[in-house]
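Here's the structure, in C-alpha cells; my notes come after.
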Amino acid sequence: SGLFKDFTYKFTRSPRVVDCSYMALYCDYLSVSDFDLDQQNTVDIINEIQEFMNAYPDSDYMQKCNDHIDNLRGRIHKKAFEQVNQYFQISEFKAASAAAVLALKSYPDIPQKEQLEYIAYKAQFLYGINSIETKRIERLEKAITLIDDYLDANRSEGLQIGRAHVWTPVTSGYLVC
C-alpha cells in the first residue's frame, strides 16, 4: 500500500496514477480487521474510498469501489448487531436496549433493523420486569414506547399481543406472571 501511495504522490501526472491510487485503497481494503474487532480502520477506509470516488468519478474502478463500500458497511452493521445480541445473551438488558437504540440511530439502513427494534423492546421489557418495584413502572413505560415505535415502524398487527403483554403489568401496578 505504501509504495502505491508514494507513486501517487510523486508522479501525479502519470497515466497510472488512478491505477496506483486504487491499488493502494485495495491493499488497505484487504487489511481490514474482522467484524468482531475494532472497526475504526474500516470507517477510515470507507472515507478513503469515497475520496477516491470523488477525485476520479470517471474511473473504471467505480463499481468495485461501491462493492467495497457495501462490504465494509456490512461489516460495521454486523459488528453493531452482534454487540447488541451479545449484551442480550448475557442478560445485560439495559446495555442491550441502549445499544440497539444507538445502532438503529447510527445505521438506519441496517439489514437487521427489525431484529434490533425487537431486541430493544424485549431487553427493555426484561430490564423493567427484573427491576425493583419503585423503578419497574418507569422502565416498563419505556418498553411500551419502544414497542409502539416497533409496531409503527413495522405495521404488524400480530404484534399487538406483545404490547398487551407489556401494558397489563404497567396499568395494573403489579407484575403479572
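Here the structure is a predicted model, which is why all the values come from computation and not from measurement.
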Side chain proximity check, Leu72 to Ile49, heavy atoms < 4.5 angstrom: yes

side-chain contact (heavy atoms from CB on, under 4.5 Å) assessment of Val32 paired with Asn71: CA-CA 11 Å; Val32 170; Asn71 182 290; over 6 Å; no

Ser131 versus Arg139, side-chain donor and acceptor atoms under 3.5 Å: yes

Could you list the donor-acceptor pairs under 3.5 angstrom formed by side chains in residues 87-97, with sequence neighbours left out?
residue: Ser97; atom: OG; partner: Ala120; partner atom: O; Å: 3.2
residue: Ser97; atom: OG; partner: Gln124; partner atom: OE1; Å: 3.4

pair Ile119-Gln112: side-chain heavy atoms closer than 4.5 Å: no

Residue pair Asn130 / Leu126: nearest heavy atoms and the distance that separates them: ND2-O, 2.9 Å

Whether Asn85 side chain and Phe81 backbone form a donor-acceptor pair below 3.5 Å: no

Extract all donor-acceptor atom pairs below 3.5 Å that involve side chains of residues 59-69 and protein atoms in other chains or at least two apart in sequence.
residue: Ser59; atom: OG; partner: Tyr61; partner atom: N; Å: 3.0
residue: Tyr61; atom: OH; partner: Asp19; partner atom: OD1; Å: 2.7
residue: Gln63; atom: NE2; partner: Asp67; partner atom: OD1; Å: 3.0
residue: Asn66; atom: ND2; partner: Met62; partner atom: O; Å: 3.3
residue: His68; atom: NE2; partner: Tyr22; partner atom: OH; Å: 2.9

Note, Leu25 side chain near Ile45 side chain (heavy atom, < 4.5 Å): no

Minimum-distance pair of heavy atoms, taken over all atoms of Ala24 and Lys5: CB-CG, 3.6 Å

Non-hydrogen atoms of Asn41 and Ser31 that approach each other most closely: ND2-O, 4.0 Å

Exercise: identify the closest heavy-atom pair between Thr8 and Ser21: CG2-OG, 3.1 Å

Exercise: identify the closest heavy-atom pair between Ala100 and Val84: N-CG2, 3.5 Å

For the student: nearest non-hydrogen atoms of Tyr121 and Ala143, plus distance: CD1-O, 3.7 Å

